[in-house]
Colleague: 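One structure coming up, written as structure tokens, with questions to follow.
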Amino acid sequence: QGQLVETGGGLVQAGGALRLSCAASGRTLSSYHMAWFRQAPGKEREFVAAINWRGANTYYSDSVKGRFTISRDNAKNTVYLQMNSLKPEDTAVYYCARTGSNVQLTAARTYANWGQGTQVTVSS
């Protein structure tokens with residue numbers, strides 16, 4: 001299956017921006033739909049954004065729509081999450097995930113391959 005490795009997390013003030021990257025090793029990403037999820041302490045993992053294998057279609061949760069942008073560069077085997085206008089409630093561990101399924105791209109159960117996560121902390 002290969003590995004997914006997230007980078008780019010950190011501490012940022014409210015209103016700031018971060019860009020997360022998810023790099024794949026062992027298997028190309030170009031055949032897979034990709035997504036970002038996040039999990040805050042004491043909460044369930046929640047969908048953030050998804051992108052289909054060609055990058056033609058993107059999906060966002062209502063809580064991040066208009067602030068976050070998911071993109072991919074298949075030549076670099078990398079998926080990105082540009083996060084702008086960050087809020088304290090965006091604080092969480094962010095995970096990227098990969099699936100070959102075409103259904104329910106917003107559901108965590110659709111994804112079989114996950115990265116280890118990267119911490120994003122937004123201070124008020």
Colleague: Assess the residue pair Tyr80 and Leu20 against the criterion (side chain to side chain contact (heavy atoms under 4.5 Å, CB included)); give the C-alpha distance rounded to whole Å, side-chain angles, the decisive distance to 0.1 Å, and a yes or no.
Modeller: CA-CA 6 Å; Tyr80 305 97; Leu20 305 183; over 6 Å; no

Colleague: Please confirm whether the backbone N or O of Lys76 pairs with a side-chain atom of Asp73, one donor and one acceptor, at under 3.5 Å?
Modeller: yes

Colleague: Report yes or no: do Tyr32 and Arg98 form a side-chain donor-acceptor pair below 3.5 Å?
Modeller: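 Looking only at side-chain atoms, Arg98 and Tyr32 do not form any donor-acceptor pair under 3.5 Å.
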
Colleague: Minimum heavy-atom separation for Ser101 to Thr110, with atom names?
Modeller: CB-CG2, 3.9 Å

Colleague: Has the side chain of Ser85 got a donor or acceptor atom that lies under 3.5 Å from a matching backbone atom of Arg67?
Modeller: no

Colleague: Using the ring of Trp53 (Phe, Tyr or Trp, six-membered ring only), decide whether Arg72 places NZ or CZ under 6.0 Å from its centre and within 45 degrees of its axis.
Modeller: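 Ring-cation test returns no.
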
Colleague: Any donor and acceptor pair, going by atom type alone, linking the side chain of Tyr59 with main-chain N or O of Ala35 inside 3.5 Å?
Modeller: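 It does not hold such a pair.
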
Colleague: For the aromatic rings, using the six-membered ring if either is Trp, is the centroid distance between Tyr111 and Phe37 under 6.0 Å?
Modeller: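 Ring centroids of Tyr111 and Phe37 are less than 6.0 Å from each other.
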
Colleague: Without hydrogens or angle criteria, can the side chains of Ser61 and Ser63 be said to hold a donor-acceptor pair below 3.5 Å?
Modeller: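 Yes.
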
Colleague: Taking the ring of Phe68 and the ring of Trp36, is the distance between their centroids below 6.0 Å?
Modeller: no

Colleague: Asn52 side chain to Asn57 main-chain N or O, any donor-acceptor pair under 3.5 Å?
Modeller: yes

Colleague: Main chain of Leu11, side chain of Thr121: is a donor-acceptor contact present, judged purely on distance under 3.5 Å?
Modeller: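 No, because the side chain of Thr121 does not come within donor-acceptor range (under 3.5 Å) of the backbone of Leu11.
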
Colleague: Would you check if the side chain of Asn77 reaches a backbone N or O of Leu29 as a donor-acceptor pair within less than 3.5 Å?
Modeller: yes

Colleague: Does a side-chain heavy-atom distance below 4.5 Å link Val120 with Met83?
Modeller: yes

Colleague: Look at the side chain of Glu6 and the backbone N and O of Gln116, then say whether any donor-acceptor pair between them is shorter than 3.5 Å.
Modeller: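 Yes: the side chain of Glu6 pairs with the backbone of Gln116.
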
Colleague: Using the six-membered ring of Tyr95, assess whether NZ or CZ of Arg45 lies under 6.0 Å from its centre and within 45 degrees of the ring axis.
Modeller: yes

Colleague: So, for Ala17 and Asn84, which heavy atoms are closest and what is the spacing to 0.1 Å?
Modeller: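 Minimum heavy-atom contact is CB-OD1, 3.4 Å.
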
Colleague: Do any N or O atoms from the side chain of Thr91 and from the backbone of Val122 form a donor-acceptor pair under 3.5 angstrom?
Modeller: yes

Colleague: Of all heavy-atom pairs between Cys96 and Leu4, which one has the smallest distance, and what is that distance?
Modeller: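 Shortest heavy-atom contact: SG-CB, 3.8 Å.
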
Colleague: Heavy atoms only: give me the nearest Thr69-Tyr60 pair and the separation to one decimal.
Modeller: CA-OH, 3.3 Å

Colleague: Heavy atoms only: give me the nearest Thr118-Gly9 pair and the separation to one decimal.
Modeller: OG1-N, 3.2 Å

Colleague: State plainly whether the residues Asp62 and Lys65 are in salt-bridge range, i.e. N to O under 4.0 Å.
Modeller: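 Judged by the 4.0 Å cut-off on N to carboxylate O distance, Asp62 and Lys65 do form a salt bridge.
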
